[in-house]
Amino acid sequence: MASLREPFISRRGPSPVARLICPSFIILSRNIPMTQPARTRFAPSPTGYLHIGGARTALFAWLYARHTGGQFILRIEDTDRKRYVLDALDKIIAGLRWLGLDWDEGPDVGGPHAPYIQSQRLPKYQEAADWLVAHGHAYRCYCTPEELAEMRAEQQARKQKVGYDRRCRWLTQEERAAKEAEGRSWVVRLAAPLEGEVAFEDEIRGRVTFDVRELQDAVLLKADGYPTYHLAVVVDDHDMAITHVIRGEEWISSAPLHVLLYQFFGWDLPAFAHTPSILKPSGKGKLSKRDLKTPEGGNVPIMLHEYPDYGYLPEALFNFLSGIGWSLDDRTEIYDRETAIKHFDLKAINPAPARFPVEKLDWMNGVYIRQLDVEEFRRRLLPYLSRDLGVPEAELAQDRRLNPLLPHVQERIKRLTEAAQWVDYLYVDEVDLGDPQSLVPRKTTPEEALVILDAIIETLERVDGWDEETLESTLRALAEARGWKAGQVFAPIRQALTGKKVTPPLFPILVALGKDASLTRLRRALNQLRAHLEQA
RNA sequence: GCCCCCAUCGUCUAGAGGACUAGGAUGUCAGCCUUUCAAGCUGAAGACAGGGGUUCGAAUCCCCUUGGGGGCGCCA
């Protein structure tokens with residue numbers, strides 16, 4: 001039996017973060033020096049996609065590893081075979097990479113503690129479970145799911161506490177032999193102490209204490225031979241020499257279970273940090289992977305892998321996410337990865353749950369878009385433009401008409417998906433002018449508009465040089481000469497060229513369209529307005 | 001129901017007993033700029049959940065209440 005323990009002995013000797021915690025009394029050795037490189041991990045389960053709250057937990061774990069110069073590990077917790085979602089893993093990994101998180105060890109990159117997929121580590125958990133049973137820290141439970149359901153129903157009916165009543169814990173050797181002779185299948189349950197306290201020191205919240213009487217004899221090994229989360233996480237975190245267990249606050253309740261397991265195995269305790277959850281924008285409940293699409297009250301997606309599609313920049317999302325529950329200082333909102341790494345600290349995380357501040361994300365994404373140099377903006381934008389305009393990307397890449405417009409589009413959008421609406425008029429043969437009345441500027445009669453349009457066309461036909469400066473000075477001169485306000489001249493042009501009343505600045509549009517196309521559109525508008533007037 | 005966690009502008013946050021007339025950001029509103037819309041600039045409104053303590057002094061420490069969140073599975 002001794003040999004079974006062997007694989008679980010720390011490879012690194014006594015950990016500097018050691019905490020010895022026993023029921024009823026607590027001995028703590030505190031204060032991990034910042035200089036200690038941390039090994040953190042993110043351990044998603046492919047039972048669903050990764051939601052944005054989970055992504056932030058991953059982000060914090062990554063930041064801490066990088067801050068301390070340690071390692072970040074990706075581990076897949078796929079011990080639930082019933083709820084496995086086929087494409088979840090791919091989407092999770094793609095999402096994390098897109099966000100800019102990289103791992104030093106993981107299922108796809110390997111590492112000294114491979115495999116990093118729990119379903120491939122089954123013997124380790126089984127050995128661990130056997131060891132616990134052999135040492136009296138766990139026992140086999142032969143109850144069937146039906147029996148347990150019945151038990152729970154009775155407890156509820158009698159308004160008793162609901163939970164496993166430990167009936168199999170007290171079975172005699174003979175009774176056990178009989179159950180096994182029946183061919184009953186069994187699970188392994190933790191034999192939790194009957195009284196005392198378990199406590200651990202949370203990096204974010206300080207000491208958290210539980211009365212062991214609140215604990216259940218939790219299942220560690222399922223009837224199918226797979227471990228539950230509780231066993232697997234402890235065995236793997238120890239085996240992989242994780243120094244800081246960083247996970248969502250929904251795990252606080254089961255943390256004492258894990259502390260007990262460390263203690264039973266005789267392993268050094270890692271540091272724990274339970275990150276606050278991110279609540280739905282409404283504030284009602286935490287974000288969940290069952291929420292799928294966009295949260296109520298917002299048009300922002302919940303699942304990480306959908307963010308690219310919605311036109312968000314990874315560096316913007318990174319910055320944004322890091323700012324929920326943590327802040328760089330008392331005034332800096334925009335900062336890059338390196339700066340975040342430099343300043344990050346688990347202890348500075350605000351333990352209070354936070355709503356998902358939808359509005360702030362769009363603002364920040366806009367800031368990042370504007371920060372891009374135009375070439376980079378163009379490169380990132382093209383796939384979106386292609387998709388939203390229905391124009392092949394190769395064609396767009398050749399299209400030089402886009403160039404004069406790009407800086408103006410960049411200044412106007414918060415998400416890359418909004419770009420198409422600012423340039424779509426370039427990709428139609430004839431613009432839909434709608435009501436000819438829209439060609440008539442404010443405080444202008446239709447007759448006067450006709451005159452203006454006519455004058456514009458005549459002027460532009462004769463203009464020498466088709467660049468922004470020339471066009472602007474020419475048209476302004478026209479307005480001045482005829483006693484029109486600049487807006488009276490610009491508005492009909494905008495409408496004629498784009499069919500819209502809100503567009504990027506006019507002169508870049510004229511340049512983008514070119515002289516011929518511009519004049520064609522202007523003449524067509526003139527004709528429509530004339531026809532409209534004659535009809536009236 | 002029981003246990004655990006949490007509580008600063010609408011929202012995200014700074015604040016670890018005196019530097020607080022509570023700072024920043026977002027959102028909102030107003031003004032400037034202006035060819036539309038943006039961007040930018042300027043300004044305004046806007047918070048320490050309530051009640052008890054401790055202290056010369058509390059947003060900061062303690063207790064209670066209230067409110068919110070999480071957990072109580074052979075799910076993670």
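The chains referred to below are lettered A, B, ... by the order of the sequence lines, with proteins before strands, and numbering in each begins at 1.
- A/L304 and A/A55 get closest at one heavy-atom pair: CD2-CB, 4.0 Å.
- With P as the reference atom, B/A25 and B/C3 are 44 Å apart, rounded to whole Å.
- Between B/A76 and A/T79, a contact under 4.0 Å exists linking OP1 or OP2 to a side-chain N or O.
- Looking at heavy-atom distances under 4.0 Å, A/P44 makes no contact with the nucleic acid at all.
- Straight-line distance from the CZ atom of A/R415 to the P atom of B/A38: 16 Å, rounded to whole Å.
- The only member of A/K161, A/Q155, A/Q160 that meets side-chain contact (heavy atoms from CB on, under 4.5 Å) when paired with A/R158 is A/Q160.
- At whole-Å resolution of the value, CG in A/D330 and C1' in B/U13 are 10 Å apart.
- The base of B/U35 lies close enough to the side chain of A/R494 for a donor and an acceptor atom to sit less than 3.5 Å apart.
- The base of B/G24 lies close enough to the side chain of A/E333 for a donor and an acceptor atom to sit less than 3.5 Å apart.
- Nucleotides B/A49 and B/C9 place their C1' atoms 14 Å apart, quoted to the nearest Å.
- Residue A/R370 has no polar side-chain atom (N or O) positioned under 4.0 Å from OP1 or OP2 of B/A38.
- Looking at the side chain of A/L148, the nearest of the listed nucleotides B/U36, B/C74, B/A76 is B/C74.
- Within the nucleic acid shown, A/A223 comes within 4.0 Å of at least one base atom, counting heavy atoms only.
- In terms of phosphate contacts, A/K414 brings a side-chain nitrogen or oxygen within less than 4.0 Å of OP1 or OP2 of B/A39.
- For B/G1 and B/U60, the C1' atoms lie 34 Å apart once the distance is rounded to whole Å.
- If you find the closest nucleotide of RNA chain B to A/R189 and to A/G206, the one lying nearer the 5' end belongs to A/G206.
- Separating the P atom of B/U13 from that of B/C29 is a span of 24 Å, rounded to the nearest Å.
- Between A/W251 and the options A/F272, A/F200, A/Y229, a ring pair (Phe, Tyr, Trp, His ring centres under 6.0 Å) holds for only A/Y229.
- Of the candidates B/C37, B/A76, B/G23, B/C37 carries the atom nearest the A/W422 side chain, counting heavy atoms from C-beta on.
- Under a 3.5 Å cut-off, the side chain of A/R169 and the backbone N or O of A/A192 do form a donor-acceptor pair.
- Of the candidates B/U35, B/U26, B/C5, B/U35 carries the atom nearest the A/F490 side chain, counting heavy atoms from C-beta on.
- Rounded to an integer number of Å, the gap from A/L279 CG to B/C6 P is 15 Å.
- A salt bridge links A/R380 with A/E376; the closest basic N to acidic carboxylate O contact falls under 4.0 Å.
- A/E359 comes within contact range of at least one nucleobase, with a heavy-atom separation under 4.0 Å.
- Comparing the same atom, C1', in B/A47 and in B/C12 gives a spacing of 13 Å after rounding to whole Å.
- Residue contacts shown for A/G325 are limited to sugar-phosphate atoms, with no base heavy atom under 4.0 Å away.
- Interface remark: the A/K360 side chain does form a donor-acceptor pair with the B/C12 base, using a distance-only criterion of under 3.5 Å.
- Among the nucleotides B/U36, B/C4, B/C74, the one closest to the side chain of A/R152 is B/C74.
- Looking at heavy-atom distances under 4.0 Å, A/W326 makes no contact with the nucleic acid at all.
- B/G18 and B/U34: their C1' atoms are spaced 49 Å apart (whole Å).
- Comparing B/C4, B/A76, B/U35 by their closest approach to the side chain of A/R476 singles out B/U35.
- Rounded to the nearest Å, the gap between the C1' atom of B/A58 and that of B/U8 is 14 Å.
- If you check every strand for non-hydrogen atoms under 4.0 Å, A/F507 touches a base.
- Comparing B/U35, B/A76, B/U13 by their closest approach to the side chain of A/P505 singles out B/U35.
- When distances run from any side-chain atom of A/P357 to the nucleotides B/A76, B/C12, B/C5, the shortest one goes to B/C12.
- Close to B/A14, at under 4.0 Å from its OP1 or OP2, lies no side-chain N or O of A/R331.
- In this structure, of B/G70, B/A76, B/A14, it is B/A14 that holds the atom nearest to the side chain of A/S327.
- B/C2 and B/G10 have their C1' atoms separated by 34 Å, with the value rounded to a whole Å.
- Of the listed nucleotides (B/A14, B/C4, B/G27), B/C4 has the atom at the smallest distance from the side chain of A/F210.
- Each of A/I204 and A/E411 lies near RNA chain B, and the nucleotide nearest A/I204 is the one positioned closer to the 5' end.
- Using a 4.0 Å heavy-atom distance criterion, A/G48 is classed as making no nucleic acid contact.
- Checking B/G73, B/G69, B/A14 against the side-chain heavy atoms of A/V162 singles out B/G73 as nearest.
- The minimum heavy-atom distance between A/A218 and A/H230, with the atom names listed, is CB-CD2, 4.2 Å.
- Using a 4.0 Å cut-off, no side-chain N or O of A/N350 falls inside it from OP1 or OP2 of B/U8.
- Looking at heavy atoms from C-beta onward, A/T40 lies out of side-chain contact with A/L63 at the 4.5 angstrom threshold.
- Backbone-only engagement by A/G323 is indicated by non-hydrogen atom pairs under 4.0 Å involving sugar-phosphate atoms exclusively.
- Here the C1' atom of nucleotide B/C4 and the CG atom of A/L257 are 14 Å apart, to the nearest Å.
- Contacts of A/C143 with the nucleic acid, taken as non-hydrogen atoms under 4.0 Å apart, include base atoms.
- Between A/Y368 and A/Y312 there is no side-chain heavy-atom pair separated by less than 4.5 Å.
- Looking at heavy-atom distances under 4.0 Å, A/K500 makes no contact with the nucleic acid at all.
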